[in-house]
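Reviewing the structure listed below.
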Amino acid sequence: MNSFPILSLMLAVPLIGATACLFANAPRARQIALAATLVDFVLGLVLWSHYEVGGPQWQFMERASIFAGFQWALGIDGIALVLIMLSVFLMPICIGASWRAIETRVPEYMAAFLLMETLMIGVFTAQDLFLFYIFFEAGLIPMYLIIGIWGGKDRIYASYKFFLYTLLGSLLMLIAMLWMANAARSTDIPTLMAYNFPVQAQTWLWLAFFASFAVKMPMWPVHTWLPDAHVQAPTAGSVILAGVLLKMGGYGFIRFSLPMFPEGSAQFAPLIMALSMVAVVYTSLVALVQHDMKKLIAYSSVAHMAIVTIGLFAFNRQGLEGSVIVMLSHGLVSGALFLCVGVIYDRLHTREIDRYGGLSINMPHYALLFMLFTMASVGLPGTSGFVGEFLSLIGIYQMSSWVTLICTTGIILGAAYMLYLYARVAFGVQKNADAAAMPDLSARELALLVPIALAVLWMGVYPESFIAPIRADIAHLEARLAQAKPAGDARLTAPRPAPEATIGGPR
Amino acid sequence: MHSIEFIVFLPLLAAIIGGLGNKALGNVSVKLMTTGALFVAAILSWATFLPFLAGTAIPSVTPVLHWVRSGDLAFDWELRVDALTAVMLVVVTSVSSLVHLYSWGYMDEDPDQPRFFAYLSLFTFAMLMLVTANNLVQMFFGWEGVGLASYLLIGFWFRKPSACAAAIKAFVVNRVGDLGFMLGIFGTWLVFGTVSIPDILAAAPHMAGSTIGFLGHRFDTMTVLCILLFIGAMGKSAQLGLHTWLPDAMEGPTPVSALIHAATMVTAGVFMVCRLSPMFQTSPAAMHFVTFIGAATCFFAATVGTCQWDIKRVIAYSTCSQLGYMFFAAGVGAFDAAMFHLFTHAFFKALLFLGAGSVIHAMHHEQDMRFYGGLRKHIPLTFWVMMAGTLAITGVGIADIGGFAGFYSKDAIIEAAYAKGTLLGHMASFTGIFAALLTSFYSWRLVFLTFYGKPRWNQSEHIQHAMHDAHGHGAHAHDDHAHGHDHVHDDGTAGYHPHESPLTMLIPLVLLAVGAVFAGAVFHTQFVGADAGASFWKGSIAFSRELVEAAEGIPLWVKWAPFTVMLTGAAIAWYAYLRNPKFPALFVEQFGILHRFLYNKWYFDELYDAIFVRPAFWLGRLFWQQGDIGIIDRFGPNGAAWVVEQGAIGVRRFQSGYLTSYALVMLLGLVAAVSWAMVGQ
């Protein structure tokens with residue numbers, strides 16, 4: 001199987017679909033887009049089933065020289081695998097969510113989405129520094145177009161803000177990449193991940209990459225593009241923005257900052273902690289006072305992403321694995337929450353929370369699914385939200401109890417803003433006749449939300465399916481980071497006691 | 001399949017099928033399925049419990065599924081059964097099955113019955129996962145699961161704004177406790193390298209005396225861990241400081257209050273402390289903290305309970321106070337007494353709540369005791385079971401002869417606290433005795449206001465509505481003004497005659513009454529006898545034989561004090577509410593400040609609103625408007641745009657198109673270049 005270029009195929013299918021869409025009419029474009037994304041999802045399942053857990057670190061490698069030393073180098077490890085799975089899982093759902101909501105320029109819209117799928121998968125599969133850069137930056141363009149053309153009232157401001165923020169970081173990253181390629185005499189990412197850059201240089205390189213990833217993440221205080229982008233983007237745009245694009249920041253930290261600059265990472269860990277702590281408290285409080293549903297969920301995303309960053313910079317197994325799980329979980333849950341907003345936006349064409357109320361009465365299925373995703377966002381054990389959050393926080397506790405305490409307040413504030421939102425939308429009396437007359441979920445909408453719900457529960461009850469592929473890669477990363485790992489603040493005065501045989505037995 | 005798997009997963013299955021099937025399946029089939037599942041679970045639970053009581057059962061752990069493996073951190077879905085779990089299994093499934101049955105009658109007219117029964121079963125499942133947990137994380141799963149069910153059930157009547165608010169409050173306040181619980185789990189894993197409860201308990205004594213860095217200071221390791229975990233228990237069990245959600249939780253339907261907010265969920269904190277008792281014992285400071293919080297809550301809640309008019313709120317504060325008893329029992333090391341009180345309390349408190357529900361049902365959802373009176377003639381069976389519950393909670397009984405359930409367990413707690421011999425133990429014991437006085441007072445006050453005296457419900461809006469609906473418009477002369485007096489009936493009934501509840505409600509009441517009367521007498525030797533540690537608990541909780549024996553030898557006046565104060569409290573209530581009904585008003589007039597303070601629950605809600613809720617919203621708006629928009633956007637992207645724009649305007653000016661100005665600039669440039677070249681030389 002490894003000789004078959006499945007990764008290239010996964011990149012090609014949406015691209016071909018995109019081209020075909022441009023030459024089709026609206027109904028045909030929808031069908032082509034759905035077919036292409038479903039084919040890619042099936043290819044993703046094939047990829048997952050053939051991925052050898054515990055096998056070589058890099059699998060499905062493809063190498064081809066294109067020109068002037070520029071490499072078409074693809075390959076994935078477990079971390080890339082799970083993120084690719086997330087992308088190909090969400091894509092058909094996005095197409096389904098746009099089925100009726102998008103009426104203008106449908107072929108172009110579908111083409112933009114398919115192009116974006118290619119670029120996203122490209123980001124996670126690229127093994128060449130500049131190939132990665134192209135995918136990473138080009139991913140901005142379709143998103144920019146989706147917001148700018150099919151967005152809401154202030155779409156121009158939002159798309160410009162989105163572009164400005166992300167571009168600024170990218171330029172610094174490009175300069176750093178040029179320097180690295182020159183210093184290490186290689187643009188091969190696995191090679192660079194094992195290369196020891198001078199500690200002095202790591203500081204600057206780390207900062208340059210940080211500028212890009214912090215914006216993508218987004219971390220406080222460069223997060224303000226996200227609420228605007230989400231509010232203006234069409235539903236499917238928000239889903240893919242929250243579901244996959246935000247994961248590129250975290251992926252960047254895992255793939256570049258941490259393994260390539262361990263000392264630099266250790267040096268700046270306090271900065272990351274500080275920004276994350278601020279983000280959790282600050283954005284959670286801001287989420288509490290929002291009147292716009294999408295803005296509220298967008299701010300909650302910033303708070304959740306802060307849990308990813310603290311987990312990554314905990315420098316230990318639990319923190320790193322937890323971060324990846326938070327990324328996956330957040331991709332599913334916030335994507336689903338944006339779909340939930342989209343469902344009622346399609347009916348009433350407003351995101352104003354106060355216009356709704358009492359939806360449990362006329363939309364019971366919707367209320368049930370919305371409740372499930374609310375609880376997953378809040379991190380209720382048994383849902384995906386808990387596993388990642390718990391692992392990240394238990395990871396950071398080994399470093400600092402203060403950071404843990406501040407970041408764990410997120411579980412209180414998160415419950416407050418999400419339940420307050422839920423109560424205003426689904427509980428209470430039916431204030432407005434038009435909201436009260438909205439029909440419950442259609443079969444199409446159920447088909448979009450139920451698979452996500454099942455995935456959320458699966459990841460909550462048996463996360464092993466998702467941890468197993470990443471275990472070895474996280475172990476590599478942990479070993480790589482061990483040289484720079486700072487000491488924790490607990491400093492126990494007694495040795496950890498050896499476990500004794502007890503009833504139930506030690507496991 | 002082991003029977004424990006049936007006990008735990010049958011309610012889950014019933015909840016899923018009933019909840020998703022909902023209207024499609026219809027009321028009766030969902031009710032039959034959930035109630036049936038619960039009765040099967042209850043029977044299996046008793047079958048599990050009785051061998052433990054006989055001392056023949058062997059503790060077991062049934063693995064179900066791997067949960068998380070992350071490096072050294074590993075925890076699974078497992079079902080643990082030992083004596084402690086068996087007690088909880090019996091409590092949870094018995095009360096839950098009876099509450100399911102009771103709800104057939106109580107919720108009969110509700111349009112959303114399948115949803116209600118599905119939630120009840122979901123709650124039972126989560127509670128069972130909690131009590132069968134073999135590791136801290138699964139306990140936390142159950143912990144949060146019951147929190148979710150509690151949230152859903154408090155907000156069951158979601159059209160009422162007060163119910164929504166109460167539901168959110170319950171969840172969020174519990175989350176404050178959960179913050180402590182989570183930090184406790186993190187710390188436990190850091191210290192012991194495991195979250196498996198038996199492993200932690202075995203290793204805990206080795207860590208006694210060590211210190212750990214926490215929030216920049218160094219503390220005793222075990223104290224930090226135990227207090228963090230106990231903060232979780234304080235939230236779930238509504239202890240002083242984190243108690244504010246419990247009275248508001250009474251917005252939920254009364255069967256919910258009986259099951260979740262009296263008999264089972266709120267006792268989860270006590271269960272947790274008992275489950276981890278060998279760990280808590282390694283930290284005297286944490287034990288003192290538990291004792292102090294327990295005793296303080298016991299006193300606080302009892303004082304508030306004396307002044308409330310809402311029948312459910314009185315019982316809610318009573319629950320809060322009784323939980324305080326359990327905690328200070330645990331704090332002095334009498335974990336057996338704490339569990340015994342949990343066990344008996346489950347029966348008599350569920351009975352009191354369901355009895356109150358029967359009263360409320362008869363009174364068309366009127367909950368204000370000022371509009372009751374003389375009900376014993378109308379609903380005699382409810383009256384008699386409420387009497388049984390009141391006799392049980394006030395602890396009626398005579399030393400060495402026998403008594404109702406609460407007599408055995410409450411006296412065991414007060415005696416154990418005294419026998420502990422420390423100052424804190426004595427203080428807790430005296431607090432317990434004083435709270436027993438208040439308990440007796442508010443319990444009898446409730447009975448006298450509700451069942452004795454003359455009917456007073458002609459003033460009740462609920463009853464007036466009911467009469468209004470029943471007789472149609474204009475049937476009564478007083479209908480044109482809401483608070484009008486009845487001209488036809490001047491006996492205070494307004495022509496309304498309450499009816500006894502249906503059989504589905506009465507059967508659970510009678511069964512619980514049997515428990516309230518006999519649970520103490522039947523089980524006290526096994527639970528709190530001197531040999532209980534060896535014959536029953538068998539290491540599932542820390543048992544101190546010395547403490548039990550010391551309690552035998554305490555002074556006679558301590559033994560008799562609860563009995564004396566019980567009579568005193570009853571006598572005061574009799575005087576104030578039957579003999580001389582003007583007395584309470586006189587008292588309020590004399591001690592207005594004290595009454596207002598107690599009536600307003602020591603102003604906790606107002607305080608928290610002022611220091612947490614309002615500032616949170618204020619800060620949120622500040623960060624949003626001033627932080628994000630005012631600073632970050634203004635100097636960030638908008639600022640950058642402004643700079644570019646201004647720059648462009650400036651540059652544009654130079655491109656005027658006039659040849660003269662271009663020549664001037666060129667000349668200036670030339671001069672500057674030449675002079676720089678000359679000076680540079």
Side-chain angles (χ1 to χ4, degrees), chain A residues 161 164-165 221-222 224-225 282 285-289 316-318 321-322 358 360 364 375 380-382 387 390-391 393-394 397-398 401-402 404-405 408-409 411-412 415-416 419-420 423 426-429 461-464 467 489-494 496-497 499-500 502-507, chain B residues 59 61 65-66 68-71 73-74 76 80 134 137 140-141 144-145 148 155 158-159 161 164 168 171-172 175-176 178-179 182-183 186-187 189-194 196 198-199 202-203 206-207 210-216 221 616-617 619-621 623-624 627-628 632-633 636-637 640:
Chain A
K161 201 168 170 183
L164 194 74
Y165 259 118
V222 287
T224 61
W225 62 271
Y282 180 110
L285 288 171
V286 173
L288 197 58
V289 297
N316 55 41
R317 188 76 70 89
Q318 289 75 32
E321 287 182 352
S360 300
M375 281 300 152
L380 195 84
V387 177
F390 182 82
L391 289 176
L393 290 168
I394 207 169
Y397 191 85
Q398 297 168 67
S401 43
W402 262 117
T404 316
L405 176 69
T408 312
T409 57
I411 69 166
I412 304 170
L419 294 184
Y420 186 44
F427 286 170
V429 290
V461 174
Y462 192 69
E464 181 63 17
I467 299 178
D489 70 345
R491 296 194 307 280
L492 262 176
T493 55
R496 201 185 249 193
E500 290 171 25
T502 41
I503 51 162
R507 287 175 329 239
Chain B
V61 176
L65 190 70
H66 284 327
V68 169
R69 294 267 180 287
S70 177
L73 176 66
D76 291 341
R80 176 191 182 81
N134 197 38
V137 190
F140 191 69
F141 166 82
E144 293 276 276
L148 168 67
F158 58 81
R159 290 171 182 82
C164 295
I168 296 178
F171 199 92
V172 173
R175 278 260 154 156
V176 178
D178 294 345
L179 170 74
M182 275 185 95
L183 289 174
F186 299 159
W189 189 69
L190 178 74
V191 172
F192 296 107
T194 174
S196 157
D199 294 351
H206 301 287
M207 298 307 287
S210 67
T211 64
I212 191 171
F214 183 69
L215 302 183
T221 308
F617 279 89
L619 274 175
R621 274 187 291 271
F623 288 153
W624 181 30
D628 268 21
I632 297 174
D633 276 356

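Everything numeric here is computed off the predicted structure, so don't read it as measured data. The sequence lines fix the lettering, A, B, ..., with proteins before strands; numbering per chain opens at 1.
- Both the backbone and the side chain of Leu215(B) come within contact range of chain A, judged by heavy atoms closer than 4.5 Å.
- Phe427(A) and Phe158(B) have parallel rings, their planes meeting at less than 30° on a 0 to 90° scale where 60° marks the start of perpendicular.
- The candidate from Thr224(A), Val429(A), Val222(A) with the greatest count of non-hydrogen atom pairs under 4.5 Å with chain B is Thr224(A).
- Contacts between Ile412(A) and chain B at a heavy-atom distance below 4.5 Å involve backbone atoms as well as side-chain atoms.
- For Glu464(A), the parts sitting under 4.5 Å from any heavy atom of chain B are the backbone and the side chain alike.
- Interface residue Thr211(B): backbone and side-chain heavy atoms are both found under 4.5 Å from chain A.
- Using a 4.5 Å cut-off between heavy atoms, Val387(A) contacts chain B through its side chain alone, with no backbone atom that close.
- The parts of Ile394(A) that come within reach of chain B are both its backbone and its side chain, each placing non-hydrogen atoms under 4.5 angstrom from that chain.
- For the options Pro463(A), Ala423(A), Gly358(A), heavy-atom pairs under 4.5 Å to chain B are most numerous at Pro463(A).
- No part of Ala287(A) comes within reach of chain B, as not one of its non-hydrogen atoms sits under 4.5 angstrom from that chain.
- The two atoms that bring Ile467(A) and Arg69(B) nearest to each other are CG2-O, 3.6 Å, heavy atoms only.
- When heavy atoms are compared at a cutoff of 4.5 Å, Leu405(A) approaches chain B by way of both its backbone and its side chain.
- Among Thr409(A), Thr408(A), Asn316(A), Val461(A), the residue making the largest number of heavy-atom pairs under 4.5 Å with chain B is Val461(A).
- Chain B forms the most heavy-atom pairs under 4.5 Å with one residue out of Trp225(A), Phe390(A), Tyr462(A), and that residue is Phe390(A).
- A pairwise comparison of heavy atoms in Ser70(B) and Leu391(A) identifies CB-CD2, 3.9 Å as the closest pair.
- One distance of note links CG of Leu148(B) with CG of Leu380(A); it measures 5.5 Å at 0.5 Å rounding.
- The minimum heavy-atom distance between Leu393(A) and Met182(B), with the atom names listed, is CD1-CE, 4.3 Å.
- Only the side chain of Tyr165(A) has a heavy atom closer than 4.5 Å to any heavy atom of chain B.
- Looking only at side-chain heavy atoms (C-beta outward), Gln318(A) and Phe186(B) stay at 4.5 Å or farther from each other.
- Taking chain B as the reference chain and counting heavy-atom pairs below 4.5 Å, the highest number among Leu164(A), Leu288(A), Ile411(A) is found for Ile411(A).
- Across Gly428(A) and Cys164(B), no two heavy atoms sit closer than the pair N-SG, 3.9 Å.
- Ranked by heavy-atom pairs under 4.5 Å with chain A, the list Ile168(B), Ile632(B), Asp628(B), Asp633(B) is led by Asp628(B).
- Here the rule is side chain to side chain contact (heavy atoms under 4.5 Å, CB included) with Leu285(A), and of Phe623(B), Phe617(B), Trp624(B) only Phe623(B) fits it.
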